[in-house]
Asks: 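Below is a structure I'd like to ask you about.
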Amino acid sequence: MSTTAMRTTEFRYRPNEIEAKWRERWASDKLYEVRDDDPRPKWYELPMYPYPSGDIHIGHWYMYAPSDARARFMRMKGYNVLHPMGFDAFGLPAENAAIRSGIHPLKSTMDNIDRMRGQLRAMGTMYDWDREIVTSAPEYYRWNQWLFLQLHKAGLAYRAYAPANWCPSCNTVLANEQVIEGLCERCDTPVTHRDMNQWFFRITKYADELLDVSKLEWPEKIRIMQTNWIGRSAGVEIEFDISEHGLEDKAFTTFTTRIDTIYGATFVVIAPEHPLVEKLTAPERRDEVNAYVGQARRQTEVERLSTEKEKTGVFTGAYCVNRLNGERVPILVADYVLLTYGTGVVMAVPAHDQRDFEFAERYALPIKVVVAPPEWDGGELKEAYLGEGTQVNSGQFDGLPSSEGMERIADHVEANGWGHRTVNYRLRDWLISRQRYWGTPIPIIYCDECGEVPVPQEDLPVLLPEDAEFLPTGDSPLALHEGFVNVECPNCSRPARRETDTMDTFVDSSWYFLRYASPQYSDGPFDPQAAKQWNPVDQYTGGVEHAVMHLLYARFFTKALRDLGLLDFDEPFIRLFSQGHIIAGSQKMSKSRGNVVAPDEYVSKVGADVVRCYLMFLGPWDQGGEWSDSGINGMARWMNRVWELAQRDARALDGLPQDTDALRDMSRTVHKTIRRVVSDIERFKFNTALAALMEFSNTLNRVWERKGIDSGGWNDAVEKMLLLLAPMAPHISEELWERTGHAFSIHDQTLPQWDPALAADEVFTLVVQVNGRLRDRIEVPVSITEEEARNVALESAGAQQHISGKAVARVIYVPGKLVNIVAS
RNA sequence: GCCCAGGUGGCGGAAUGGUAGACGCGGCGGACUUAAAAUCCGCUUCCCGCAAGGGAGUGGGGGUUCAAAUCCCUUCCUGGGCACCA
């Protein structure tokens, strides 16, 4: 603990005692039990579940305290709120820790969960623990396997031999989404490639539907990130003639978004990994091509990306024919063309593509302008011209605007059967195989006779053996476990072998929100009725780091399950709030970085309510910020003032002369505060909601000094303050609720309403400006007319001082705000 | 390189065309105390001024407007995302 602040506040109450007391009461009374038959309208408020890494740290508090406050707020608005918690329990960290420590992932994970469950309770959260889910439990992951089989049956899960991203440190393949700038997202090791048999989910089938983010009330930033990740581009697939090479395939398909430039294609580039490279390469070019391809394949993703400046390639010795103009152009291999995008073959138009331009310059290939820039003098280009223009050197299309040329050439290509319009996506199918131990076994059996056989549903779950060796070898640890691998074929009963890869843990989190509705259901992944009752999630909260992994996968699952007839809605998360992170030393807190701040010491000193509120008060939740405890004492001080304020004996006010102005002022403040706090929490502005409550308590203090009100008015104001505070500080508000003579529980109350008429001001400060500069302020009634306001302003001392001797040219009047006198 | 978010007192931040700096931290002064802590009260953007008051001020420059932290252009800086996608 770094500060002097922590030792200063002396508590007037014992936070730990009252907090523990109420948490026990809430639990024993099952206050937060969520019932499906509750008649109130449902509200599903879901925070992303945590990975059980060890201990709950201050970053977890920052994530879960505001979402708990929101859930409590919705409950007090009259909803039947589902606010569940669970653990994303499979995954690499536990396995890696096990390799180092020898402690089995099952044990470390369950120990961590036990500890974290207690710590999450200690925050004063309203989770219904009867609905907890743990994804590493067979009761959960058997449904991963079941869902996998449904997707498999529907053709949405398939196995393919393909180059995969390989992390040499984690010894497993990675999905595209898990490769960050060529590095493994988990350990920052440069990613290499391996050709392997891998299981994929056909997410690309839903690319277009996933692109439709119009129904989502999500931050624009996340919607843009998903849109860019999917990366739709419309263009034309067109064949180039390679019949001169006597191959069976007479055609050679390229993809372009610029069919208007096809007459400028002066060469064609093929990706080094492309299977046709081998067949096309001329004998005399073989050595050079093989050397180039070998070098390209050995490169890590990072090295390949870093070649951005220098584009390299080699000539294959082969040629193809551009069917539009009959031109014979050379075919080159270059690693700036990716096998994984489009067809892996590109028609190069150096005049109108900067990459092709640079490549052409380097290898002295011809550059032919076919879309003339406006006012082009016919001279050489210094860089590729990417804009629109007029078709030139384009045969029958010369003279057309290129935008029209684009359509007419595409029509021409389609009419001749050379190609067709199509759409390409940057999105790749989701690679879900992992060569690791601590995950869901993929329920497939390989039989020499029957081939790929799904494990029959009645044999699920395929249990993860607890006695496997999990040292990393590059093969799945399960492959070494004879008892697991060797199995009878479910079809023909001959000896067969199990699939030994496990699933990406993002499979678990792609449907966990469905399981919370019926966490103990044993006839399927979820009870269809319950799932329908609670879903979709009304409000999801979590960090931006999941913008293109979890959030995209979960949307895909929802759509796929809908098409399988298991769900009847299209989107899993209607509203998403993307919170910021508490960082320490400008890095996100995590156990692996060793920069975690433990909340325990703070909690033991100032209590959970103060820590919750302090984190919410730091700033806007979506902004996050560097951890500092410098202000936590201020929150503790305020909580103590609330404690004292709420318990004053208001009878001291009775019998004194009453002041109608004071009463009205207080009632107005009460109603304004309710309005502010409610609208702030609705908009996730917990910081200003707390500021409004602080102002309110300051006002109450002044009212107390001023007297003039009776105990009824005072007690009413205190009651409303406690109700507004309850979502954010659940313990102290419960205790004070009881101490002010109310029946258990404050968390079963509804939020106070505000009356706009009572919140309305009677007077306001009329601002007097001269030439836009503040010169006076005058208290005036809200009923003031425009003429009166103008006169009051013109006659004010502040204005007079600055307009004397000048001519008043204009007077601007803004009702309820100001008068601006324009004078010169 | 492209896209997004942001830049406001000593600090966290408030204000989304109309009183810049709410609320809190820190600091200063005072009350209480033998003293300290805690607590309570007051002050606290900067500059000039004893004061009244005046001037400057929301990264920099320019613009629109009676009026700009807020809108527009431009530029710098910070954070995040994407990046040979044909």
Side-chain angles (χ1 to χ4, degrees), chain A residues 3-5 7-12 180-182 219-225 227-229 231-233 235 254-258 261 269 271 304-305 307-309 311 334-338 340-349 352-356 358-359 424-427 544-545 547-548 580 583 586 614 617-620 622-626 628-635 637-638 640-641 644 685 687-696 698 701 705 764-777 798 801 809-814 816-823:
Chain A
T3 183
T4 52
R7 63 165 189 264
T8 51
T9 292
E10 235 169 58
F11 271 77
R12 295 169 186 171
I180 313 292
E181 293 183 353
E220 189 59 16
K221 179 193 169 99
I222 309 271
R223 302 200 302 178
I224 291 171
M225 282 168 75
T227 304
N228 291 343
W229 187 262
R232 181 184 202 272
S233 44
T254 67
F255 173 73
T256 180
T257 54
R258 290 295 306 274
T261 66
V269 187
R304 186 148 171 177
L305 289 173
T307 60
E308 195 172 338
K309 297 281 179 285
K311 298 205 186 324
D335 64 3
Y336 77 94
V337 170
L338 309 172
T340 48
Y341 188 78
T343 60
V345 186
V346 169
M347 66 172 206
V349 184
H352 305 294
D353 182 286
Q354 189 55 29
R355 294 155 303 188
D356 299 342
E358 286 166 24
F359 192 78
N424 258 299
Y425 300 92
R426 181 185 175 281
L427 183 70
V544 274
E545 66 275 22
V548 287
I583 53 175
S586 25
Y614 175 62
F617 185 65
L618 278 179
D622 53 359
Q623 196 178 295
E626 183 79 21
S628 157
D629 60 14
S630 64
I632 198 166
N633 195 45
M635 186 56 70
R637 275 207 285 256
W638 179 66
N640 276 287
R641 281 201 293 270
E644 183 273 330
K685 303 277 264 174
N687 56 330
T688 50
L690 282 159
L693 283 170
M694 287 174 178
E695 281 184 60
F696 186 52
N698 291 342
N701 246 328
E705 295 302 318
F764 71 97
T765 305
L766 181 73
V767 169
V768 180
Q769 297 182 331
V770 175
N771 294 330
R773 310 196 53 137
L774 176 73
R775 295 304 179 189
D776 218 329
R777 294 173 224 221
Q801 200 182 327
R810 271 175 84 181
V811 178
I812 313 282
Y813 171 63
V814 182
K817 289 260 161 63
L818 58 75
V819 171
N820 187 12
I821 302 160
V822 186

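All of these numbers come straight from a predicted model, not from anything done at the bench. Every chain is numbered from 1 and lettered A, B, ... according to where its sequence line falls, protein lines coming before strand lines.
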Asks: Is any side-chain heavy atom of A:V819 less than 4.5 Å from a side-chain heavy atom of A:I812?
Replies: no
Asks: Measure from CD1 on A:I583 to C1' on B:U78 and round the result to the nearest Å.
Replies: 12 Å
Asks: Of the nucleotides B:G54, B:G18, B:G24, which has the atom closest to the A:K817 side chain?
Replies: B:G18
Asks: In terms of side-chain heavy atoms of A:W229, which of B:C82, B:G18, B:G54 is nearest?
Replies: B:C82
Asks: Between A:R223 and A:E220, is the closest basic N to carboxylate O distance under 4.0 Å?
Replies: yes
Asks: Which comes earlier along RNA chain B counting from the 5' end, the contact point of A:T257 or that of A:G772, where each point is its nearest nucleotide?
Replies: A:G772
Asks: Can you tell me the distance, in whole Å, between the CG atom of A:L818 and the C1' atom of B:G18?
Replies: 5 Å
Asks: If you look at every strand shown and take non-hydrogen atoms under 4.0 Å, does A:R12 touch a base, only sugar-phosphate, or nothing?
Replies: sugar-phosphate
Asks: Want to settle it: does A:F617 or A:R258 sit nearer the 5' end of RNA chain B, counting the closest nucleotide to each?
Replies: A:F617
Asks: For B:C4, does either OP1 or OP2 sit under 4.0 Å from a side-chain N or O belonging to A:R223?
Replies: no
Asks: With rounding to whole Å, what would you report as the distance between B:C4 and B:A68 at their P atoms?
Replies: 27 Å
Asks: Provide the distance between the two P atoms, one in B:A14 and one in B:G7, to the nearest whole Å.
Replies: 9 Å
Asks: Using atom P of each nucleotide, how far apart are B:U65 and B:C50 to the nearest Å?
Replies: 42 Å
Asks: Would you check if A:V346 and A:F255 make a side-chain contact, meaning some heavy-atom pair closer than 4.5 Å?
Replies: no
Asks: Please check the phosphate of B:G24 (OP1 and OP2 only) for any side-chain N or O of A:R637 closer than 4.0 Å.
Replies: no
Asks: Write down the distance between CG (A:L427) and P (B:C82), rounded to a whole number of angstrom.
Replies: 14 Å
Asks: Could you check which of B:A86, B:C4, B:C25 has an atom nearest any side-chain atom of A:S630?
Replies: B:C25
Asks: For A:E626 and B:G12, what is the distance between atoms CD and P respectively, to the nearest whole Å?
Replies: 11 Å
Asks: Counting side-chain heavy atoms from CB outward, which of B:A22, B:C84, B:A86 is closest to A:K311?
Replies: B:C84
Asks: If you look at every strand shown and take non-hydrogen atoms under 4.0 Å, does A:N698 touch a base, only sugar-phosphate, or nothing?
Replies: sugar-phosphate
Asks: Say we look at B:G21 and B:G81: how far apart would their P atoms be, to the nearest angstrom?
Replies: 36 Å
Asks: So, do A:T261 and A:M347 sit near enough that their side-chain heavy atoms are less than 4.5 Å apart?
Replies: yes
Asks: Which listed nucleotide (B:C3, B:G55, B:G24) is nearest to the side chain of A:I224?
Replies: B:C3
Asks: Would you mind calling B:G9 syn or anti? Take O4'-C1'-N9-C4 for purines or O4'-C1'-N1-C2 for pyrimidines, and syn is within 90° of 0.
Replies: syn
Asks: A:E695 side chain: which of B:C23, B:A86, B:C84 is closest?
Replies: B:C23
Asks: Any strand is fair game: report the nucleotide pairing with B:A5 by Watson-Crick or G-U wobble, both distances under 3.5 Å, or none.
Replies: B:U78
Asks: Can you check whether A:T688 has a side-chain N or O nearer than 4.0 Å to OP1 or OP2 of B:A22?
Replies: no
Asks: When the C1' atoms of B:G55 and B:A5 are considered, how many whole Å apart are they?
Replies: 35 Å
Asks: What nucleotide, of B:G13, B:G53, B:C23, holds the atom closest to the side chain of A:N687?
Replies: B:G13
Asks: Looking only at heavy atoms, what is the nearest atom pair of A:N640 and A:R12, with distance?
Replies: OD1-N, 2.7 Å
Asks: For A:Q769 and B:A20, what is the distance between atoms CD and C1' respectively, to the nearest whole Å?
Replies: 12 Å
Asks: With the side chain of A:R641 defined as its heavy atoms from C-beta on, choose the nearest nucleotide among B:C40, B:A86, B:G18.
Replies: B:C40
Asks: How far, in whole Å, is B:G18 from B:C23 if one measures between their C1' atoms?
Replies: 22 Å
Asks: Does A:V822 reach a base, just sugar-phosphate, or nothing at all? Heavy atoms under 4.0 Å.
Replies: sugar-phosphate
Asks: Round to the nearest Å and state the distance from A:L690 atom CG to B:A22 atom C1'.
Replies: 14 Å
Asks: So what does A:L618 hit on the nucleic acid, given a heavy-atom distance under 4.0 Å: a base, only sugar-phosphate, or nothing?
Replies: sugar-phosphate
Asks: NZ of A:K685 versus C1' of B:A22: gap in Å, rounded?
Replies: 12 Å
Asks: Categorize A:R232 for me: base, sugar-phosphate, or nothing, with a 4.0 angstrom heavy-atom threshold over every strand shown.
Replies: nothing
Asks: Could you pull out the closest heavy-atom pair between A:L766 and A:L818, with the gap in Å?
Replies: CD1-CA, 3.9 Å
Asks: With both distances kept under 3.5 Å, what pairs with B:A69, Watson-Crick or G-U wobble?
Replies: none
Asks: Now, which nucleotide makes the Watson-Crick or G-U wobble pair with B:G26, with each of the two distances under 3.5 Å?
Replies: B:U44
Asks: Using a 4.0 Å heavy-atom cut-off, does A:D356 contact any base of the nucleic acid, only the sugar-phosphate backbone, or nothing at all?
Replies: nothing
Asks: In whole angstrom, give me the gap between the C1' atoms of B:G9 and B:U64.
Replies: 29 Å
Asks: Side chains of A:D356 and A:Y336: donor-acceptor distance under 3.5 Å anywhere?
Replies: yes
Asks: Which part of the nucleic acid, if any, lies within reach of A:N228 when heavy atoms closer than 4.0 Å are counted: base, sugar-phosphate only, or nothing?
Replies: nothing
Asks: Got a donor-acceptor contact below 3.5 angstrom from the A:R232 side chain to the A:Y425 backbone?
Replies: no
Asks: Considering only atom P, compute the distance from B:A15 to B:G63 and round it to an integer number of Å.
Replies: 30 Å
Asks: Hey, does A:Q623 reach any base, or is it just sugar-phosphate, or nothing, if we go heavy atoms under 4.0 Å?
Replies: sugar-phosphate
Asks: When you measure from the side-chain N and O atoms of A:R773 to the phosphate of B:A56, is any distance below 4.0 Å, counting only OP1 and OP2?
Replies: yes
Asks: CD1 of A:I812 versus P of B:U65: gap in Å, rounded?
Replies: 13 Å
Asks: Quick one, A:L774 and A:V767 - any side-chain contact, counting heavy atoms below 4.5 Å?
Replies: yes
